[in-house]
Amino acid sequence: MPWRTNRGASAPWGWWLRANGRVLEDEDGRQWRSVRDAFWQGAMRFPEIHFFQEQHELLLRVLTAVDQRWSSGTENRLDLFAGDMEFWRFYMCWLSSIGMTKDGTGATPLEAPLSDLGRSVMLMLQATSEPGWIDMPLRSIIEAIRHPELRASDDARQVSLAALERGVAHRRHVFAREQVQQLHLVTLTGLGLGARMPTRRVTWSQSFADDHDRDDFFGWLAEHVDRWDDWGALAYSRGAPALTQHFLALMTAKAVR
């Protein structure tokens with residue numbers, strides 16, 4: 001199956017597939033149950049295997065991290081690859097070898113930006129993620145939150161923070177700023193689906209000395225909004241202390257990079 005990159009990075013990969021009843025057909029007449037199957041088995045020539053879904057999600061998160069080039073590479077390696085440098089180097093070289101990142105940019109395969117193909121695959125994986133990928137807040141909002149000049153302009157920063165909170169309010173796992181009496185908190189709530197009526201429950205919280213420190217931490221969380229569901233799942237499955245320990249490891253990686 002051809003990669004079909006002639007439409008550039010604006011359209012999700014697989015835009016050319018044609019619906020035929022309950023299946024999708026490619027230009028060679030082969031039929032697929034989904035766009036992801038066409039990509040995984042048709043284009044990538046990988047076998048159909050039970051853990052392919054987790055590999056799709058890992059690829060989505062890596063492509064998103066590469067696309068968000070302002071995010072710390074050290075943090076991404078620790079968070080996505082559990083600090084396994086060999087695995088990270090292999091994965092980035094693999095992405096380069098199949099054309100997902102750009103050659104000839106002066107950057108090594110470990111630092112290269114997404115190619116048009118890589119971006120179109122990322123858009124497809126976002127659109128087909130299970131559970132459905134919820135739209136990320138505008139990058140301009142996140143960049144505004146982390147812009148150092150906003151530290152001297154609380155009003156402008158608060159506008160950006162509020163815009164982010166509105167944009168992520170309906171995600172399954174949501175970090176939020178809260179004020180409980182004299183406590184300045186960041187909380188993580190998750191949507192419980194086991195009961196008859198789904199409800200939100202706090203699965204993690206952290207207090208801060210003042211609202212500025214709290215907002216600084218929330219701004220860092222905003223840079224990693226694509227990881228919120230995974231962090232929420234970590235807190236749910238292993239408990240709040242495990243997530244706190246994970247955050248400390250990421251902060252340490254950020255400090256020493």
Engineer: Can a donor-acceptor pair be found, under 3.5 Å and without considering hydrogens, that links the side chain of R119 to the backbone of P12?
Structural biologist: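 Not confirmed, R119 side chain does not pair with P12 backbone.
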Engineer: Please check if V186 and Y236 belong to a single hydrophobic cluster, counting links between Ile, Leu, Val, Met, Phe, Trp and Tyr side chain heavy atoms closer than 4.5 Å.
Structural biologist: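 No: no chain of side-chain contacts under 4.5 Å links V186 to Y236.
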Engineer: With a 6.0 Å cut-off on ring centres, are H56 and W40 close enough?
Structural biologist: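 Ring-ring flag for H56/W40: true, centres closer than 6.0 Å.
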Engineer: Between E57 and R36, is the salt bridge (charged side-chain N to carboxylate O under 4.0 Å, His left out) condition met? List the steps.
Structural biologist: CA-CA 11 Å; E57 295 303 321; R36 285 194 170 198; 3.1 Å; yes
Engineer: Check this for me, if you would: do R177 and D211 make a salt bridge, where the nitrogen-to-carboxylate-oxygen distance has to be below 4.0 angstrom?
Structural biologist: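 Judged by the 4.0 Å cut-off on N to carboxylate O distance, R177 and D211 do not form a salt bridge.
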Engineer: Within the structure provided, determine whether M122 and Q126 are in side-chain contact (heavy-atom separation under 4.5 Å).
Structural biologist: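 Yes, side chains in contact.
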Engineer: Is there a path of hydrophobic side-chain contacts, each under 4.5 Å between heavy atoms of I, L, V, M, F, W or Y residues, that connects V121 with M44?
Structural biologist: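 Shared cluster, yes.
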Engineer: If two hydrophobic side chains count as joined below 4.5 Å and joins carry through other members, does W94 share a cluster with L125?
Structural biologist: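 Yes.
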Engineer: Looking at side-chain heavy atoms only, is the closest gap between L95 and L63 below 4.5 Å?
Structural biologist: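 Contact flag for L95/L63 side chains = yes.
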Engineer: Taking L234's backbone N and O only, do any of them form a donor-acceptor pair with R238's side chain (distance below 3.5 Å, no angle check)?
Structural biologist: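 No: the side chain of R238 does not pair with the backbone of L234.
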Engineer: Hey, is the main chain of Q181 close enough, under 3.5 Å, to the side chain of Q179 for a donor-acceptor pair?
Structural biologist: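 Yes, the answer is positive, given that a donor and an acceptor are paired below the 3.5 Å cut-off.
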Engineer: Centroid separation under 6.0 Å, is that true for the rings of Y91 and W88?
Structural biologist: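 For W88 and Y91, the ring centres are not under 6.0 Å apart.
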Engineer: Is a side-chain donor or acceptor of D26 paired with a backbone partner of D28 at a separation under 3.5 angstrom?
Structural biologist: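 Flag set: sc D26 to bb D28 pair under 3.5 Å.
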Engineer: Less than 6.0 angstrom separating the ring centers of F208 and F217, yes or no?
Structural biologist: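 Ring-ring flag for F208/F217: true, centres closer than 6.0 Å.
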Engineer: Under the criterion side chain to side chain contact (heavy atoms under 4.5 Å, CB included), I'd like the reasoning laid out for F218 against D213: C-alpha separation, chi angles, the key distance, then a yes or no.
Structural biologist: CA-CA 9 Å; F218 188 76; D213 288 346; over 6 Å; no
Engineer: Looking at A11 and S120, what are the two nearest heavy atoms and their distance?
Structural biologist: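 For A11 versus S120, the nearest heavy atoms are O-CB, 3.2 Å.
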Engineer: Check for me whether the distance between the ring centres of W220 and H224 falls short of 6.0 Å.
Structural biologist: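 Between H224 and W220, which both carry aromatic rings, the centre distance is below 6.0 Å.
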Engineer: State, yes or no, whether a side-chain contact exists between E25 and L17 at a heavy-atom distance under 4.5 Å.
Structural biologist: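 Not in contact.
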Engineer: Answer whether the closest heavy-atom distance between the side chains of W228 and L188 falls below 4.5 Å.
Structural biologist: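 Of all side-chain heavy-atom pairs linking L188 with W228, none is under 4.5 Å.
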Engineer: Run the side-chain hydrogen bond (donor to acceptor under 3.5 Å, both in side chains) test on W204 and T244 for me, step by step, so that the C-alpha distance in whole Å, both residues' side-chain angles and the decisive distance to 0.1 Å come before the verdict.
Structural biologist: CA-CA 8 Å; W204 178 90; T244 300; 2.8 Å; yes
Engineer: What about L58 and V66, same hydrophobic cluster or not, with Ile/Leu/Val/Met/Phe/Trp/Tyr joined at side-chain heavy-atom distances under 4.5 Å?
Structural biologist: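 Yes, same cluster.
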Engineer: Just so I know, are the side chains of Q31 and L24 near enough to count as touching, which here means a heavy-atom distance under 4.5 Å?
Structural biologist: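 Sidechains of L24 and Q31: no contact.
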Engineer: Identify the heavy atoms of L243 and A235 that sit nearest to each other, and give their distance.
Structural biologist: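 Distance-wise, the nearest heavy atoms are CD2-CB, 3.9 Å.
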Engineer: Could you tell me which non-hydrogen atom of S205 sits nearest to which non-hydrogen atom of T187, and how far apart they are?
Structural biologist: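 Shortest heavy-atom contact: CB-CG2, 3.9 Å.
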Engineer: Below 4.5 Å, heavy atoms only, C-beta onward: do W15 and V35 meet side chain to side chain?
Structural biologist: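 With C-beta onward as the side chain, the pair stays apart.
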Engineer: With ring centroids as reference points, do F39 and W32 lie under 6.0 angstrom apart?
Structural biologist: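 Not under 6.0 Å, so no.
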Engineer: Does E111 pair with K102 as a salt bridge, N-O distance under 4.0 Å?
Structural biologist: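 No, no charged N to carboxylate O under 4.0 Å.
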Engineer: Can a donor-acceptor pair be found, under 3.5 Å and without considering hydrogens, that links the side chain of N20 to the backbone of V23?
Structural biologist: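 Side chain of N20 to backbone of V23, a donor-acceptor pair under 3.5 Å: no, none is there.
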Engineer: Does S115 reach the main-chain N or O of G99 with its side chain, forming a donor-acceptor pair under 3.5 Å?
Structural biologist: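 Answer holds: yes.
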Engineer: Answer yes or no: does atom CZ of F90 have more than 12 heavy-atom neighbours from other residues, nucleotides or ligands under 6.0 Å?
Structural biologist: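 Open.
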Engineer: Quick one: CG on L110 to OG on S96, what's the gap to the nearest 0.5 Å?
Structural biologist: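 If I round to the nearest 0.5 Å, the distance is 9.0 Å.
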Engineer: Do E27 and R18 come within less than 4.5 Å of each other through their side chains, counting heavy atoms only?
Structural biologist: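 No - every pair of side-chain heavy atoms lies 4.5 Å or more apart.
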